[in-house]
Amino acid sequence: MDFRIGHGYDVHALADGLPLVLGGVALPHSKGCIAHSDGDVAIHAVCDALLGAAALGDIGLHFPDTSDEYSGIDSKILLRRTAALLREKGYEIGNVDCTIRMQRPKLRPHIDAMRAAMAGAMGVDDDRVSVKATTTEHLGFEGREEGVSVSAVALIYRS
Ligand code: MG
């Protein structure tokens, strides 16, 4: 069995009055991510972890933010295409784990919905997808509510 692991990291700035979409779920909040796509920073980090595991470059290579095709796009579509790209190379997704750093709102009530949404987009069972959230105790840009950062790891395999 050929196991690979990958890491992903993404940051988006927050601005008042924009929709907030994280892990494929729209969350009620006064701020949202500034982005070319729907700004789903969690899915972007997961895509990069998957692409990194397969050594297939990064999300900017496959889905450039200069392309009109990806303007405002639902990032679940990018995640679905990323999973398809891996399967074309003979890989299956073992598991994905990500950590969202954000001061507000409380994410715990939405964690299972995010897991289900991302698992659905990847075509895997929910129990292969972990989403964790932490504040940064008011430190740094996340703590000042200027932005959101997400790191992710993914394990993929092929026989
Ligand atoms: Mg991004």
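Just so you know, ligand 1 is whichever comes first in the structure, and atom 1 is the first atom listed for that ligand. One-based numbering along the sequence shown.
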Contacts of the Mg ion (ligand 1) with protein N/O/S atoms, counting only those under 2.8 Å:
Asp10 OD2, His12 NE2, His44 ND1
So does Leu18 get a backbone contact from the side chain of Lys31, meaning a donor-acceptor N/O pair under 3.5 Å?
no
Let me confirm one number: the CG-SG distance from Asp10 to Cys47, rounded to the nearest 0.5 Å.
9.5 Å
Flag for Arg101-Ser151: side-chain donor and acceptor within less than 3.5 Å
yes
Parallel, tilted or perpendicular: which one describes the rings of Phe63 and Tyr70, with boundaries at 30° and 60°?
perpendicular
Cationic N near anionic O, under 4.0 Å, Arg4 to Asp2
yes
Working for side-chain hydrogen bond (donor to acceptor under 3.5 Å, both in side chains), residues Ser130 and Asp97:
CA-CA 5 Å; Ser130 163; Asp97 180 27; 2.7 Å; yes
